[in-house]
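Atoms within a ligand are numbered from 1 in the order they appear, just like the ligands themselves.
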Amino acid sequence: MARRFNEQKLVIASHNQGKVREIAELLAPYQTEVVSATELDLAEPDETGSTFAANAELKARASAQAAGLAALADDSGLCVNALGGDPGLFSARWAGPAKDFSMAMAEVHRKLRDYEDKSAYFISVLALVWPDGHCETFEGRITGTITDPAHGHNGFGYDPIFVPDGHSLTFGEFEPAAKNAITHRAVAFQKLVNSCFE
Ligand code: IMP
C-alpha cells in the first residue's frame, strides 16, 4: 500500500514550466500547494542513476532535501526493443547539446534499419519523496512502433517517429490534448493520484 500524501506543499523538481503546469493542474483538486524548483532556485542534480526510477528518485530527493518539503520528479525516455532499450536513459543525450532531435531520430532509424522488429515504448517514472525521506515511485508505459520517415510537427522529442499501438498517426501528428491523455506520463500520473491522493 502506498503512503497517502497529506502534506500541504509539494515541490515539482523540474525547471520545465510546461511540466510544472501540467502537474499543478492534475493536483489542483487535492488542496496541495505546488511550487516549482525554479521558484525555489533549486539546483538540478546530474542524472547519474542506472534506471529511470533511480533518476526520478535522485531528482526528487535532491529537491526534498534542499527545500525541506515533499518533492515530485519524473524521468522518461524512448526504449526501442531491437536496440536493447536504447536510447532509453540517454534519450535526451542522443539529441546532443543543441537538442537536435532530427539527429536523434535519424540515429534511431540508422540503427534500426536492418531489424524487422520496430516495436518500442515510451516510459515515464514519477518519484514522490516525503520530507522524512520516504519514497514512492510510479511507472507508466505506452507501446508502439517506430516509423520511417518521421511525420508531424506537434509534440517534442521523438514524437514524429512513434506510432502508438492501436493508432495510425505518429504522436507528432496527434492533437496535443489527445496525446497527453494517453501518454506514459498520463499513466504514471494516474497511478500516483490513485495511490497517494484519492
Ligand atoms: P527527461 O526530461 O530526462 O525525462 O528526458 C526525457 C527525454 O525522453 C526527452 O528529452 C525526450 O527526448 C524523450 N521523451 C520523453 N517523453 C517523450 C514524449 O512524450 N515524446 C517524445 N519524446 C519524449
Peer 1: Before accepting this row, confirm whether a basic side-chain N of the pair Arg141/Glu139 lies closer than 4.0 Å to the acidic partner's carboxylate O.
Peer 2: yes
Peer 1: Using heavy-atom distances, let me know which of Ser91, Ser124, Gly172 sits nearest atom 13 (C) of ligand 1.
Peer 2: Ser91
Peer 1: What protein heavy atom sits nearest atom 22 (N) of ligand 1, and how far off is it?
Peer 2: Tyr158 N, 3.2 Å
Peer 1: Who's the nearest protein heavy-atom neighbour of atom 16 (N) of ligand 1, and how far?
Peer 2: His184 NE2, 3.1 Å
Peer 1: Side chain or backbone, does Thr183 bring an N or O within less than 3.5 Å of an N or O on ligand 1?
Peer 2: no
Peer 1: Hydrophobic clusters here meaning ILVMFWY residues chained together by side-chain heavy-atom distances under 4.5 Å, can you tell me if Phe156 and Ile123 are in one?
Peer 2: no
Peer 1: Using heavy atoms and a 4.0 Å limit, tell me yes or no: is Phe122 in contact with ligand 1?
Peer 2: yes
Peer 1: Group every Ile, Leu, Val, Met, Phe, Trp and Tyr by side-chain heavy-atom contacts under 4.5 Å, then state whether Ile142 and Met105 land in the same group.
Peer 2: yes
Peer 1: Report the residue from Leu126, Leu89, Thr137, Asp74 that forms a side-chain contact (heavy atoms from CB on, under 4.5 Å) with Phe52.
Peer 2: Leu89
Peer 1: Using 0.5 Å steps for rounding, measure from the CD1 atom of Ile23 to the OG1 atom of Thr32.
Peer 2: 12.5 Å
Peer 1: Does at least one non-hydrogen atom of His15 fall below 4.0 angstrom from an atom of ligand 1?
Peer 2: no
Peer 1: Taking only heavy atoms of Gly77, which atoms of ligand 1 are found under 4.0 Å from at least one of them?
Peer 2: 8 (O)
Peer 1: Could you check His15 against Thr38 for side-chain hydrogen bond (donor to acceptor under 3.5 Å, both in side chains), going step by step and ending with a plain yes or no?
Peer 2: CA-CA 5 Å; His15 292 277; Thr38 311; 2.9 Å; yes
Peer 1: Nearest 0.5 Å please: distance from the CD atom of Glu107 over to the CG atom of Asp100.
Peer 2: 11.5 Å
Peer 1: For ligand 1, is Arg185 a contact, meaning one of its heavy atoms is under 4.0 Å away?
Peer 2: yes
Peer 1: Tell me whether Lys179 forms a cation-pi arrangement with Phe171, defined as NZ or CZ under 6.0 Å from the six-membered ring centre and within 45 degrees of its axis.
Peer 2: yes
Peer 1: Heavy-atom contacts with Asp75 under 4.0 Å: which atoms of ligand 1 show up? List them by number with element.
Peer 2: 1 (P), 3 (O), 4 (O)
Peer 1: Only heavy atoms count here, so choose which of Phe90, Phe156, Trp94 is nearest to atom 9 (C) of ligand 1.
Peer 2: Phe156
Peer 1: For ligand 1, which atoms, with element, lie under 4.0 Å from some heavy atom of Lys19?
Peer 2: 2 (O)
Peer 1: Go through ligand 1 atom by atom and flag the ones less than 4.0 Å from a non-hydrogen atom of Lys179.
Peer 2: 18 (C), 19 (O), 20 (N)
Peer 1: Between Asp148 and Arg110, does any side-chain N to carboxylate O distance fall below 4.0 Å?
Peer 2: no
Peer 1: With atoms numbered from 1 as shown, which atoms in ligand 1 lie under 4.0 angstrom from a non-hydrogen atom of Ala92?
Peer 2: 10 (O)
Peer 1: What residue and heavy atom of the protein are closest to atom 5 (O) of ligand 1, and at what distance?
Peer 2: Ser76 O, 3.6 Å
Peer 1: Which ligand 1 atoms are under 4.0 Å away from a heavy-atom of Phe101?
Peer 2: 10 (O), 12 (O)
Peer 1: What is the closest protein heavy atom to atom 20 (N) of ligand 1, and at what distance does it sit?
Peer 2: Asp159 OD1, 2.6 Å
Peer 1: Pair Asn16, Ser14 - check side-chain hydrogen bond (donor to acceptor under 3.5 Å, both in side chains), show working.
Peer 2: CA-CA 5 Å; Asn16 175 333; Ser14 170; 5.3 Å; no
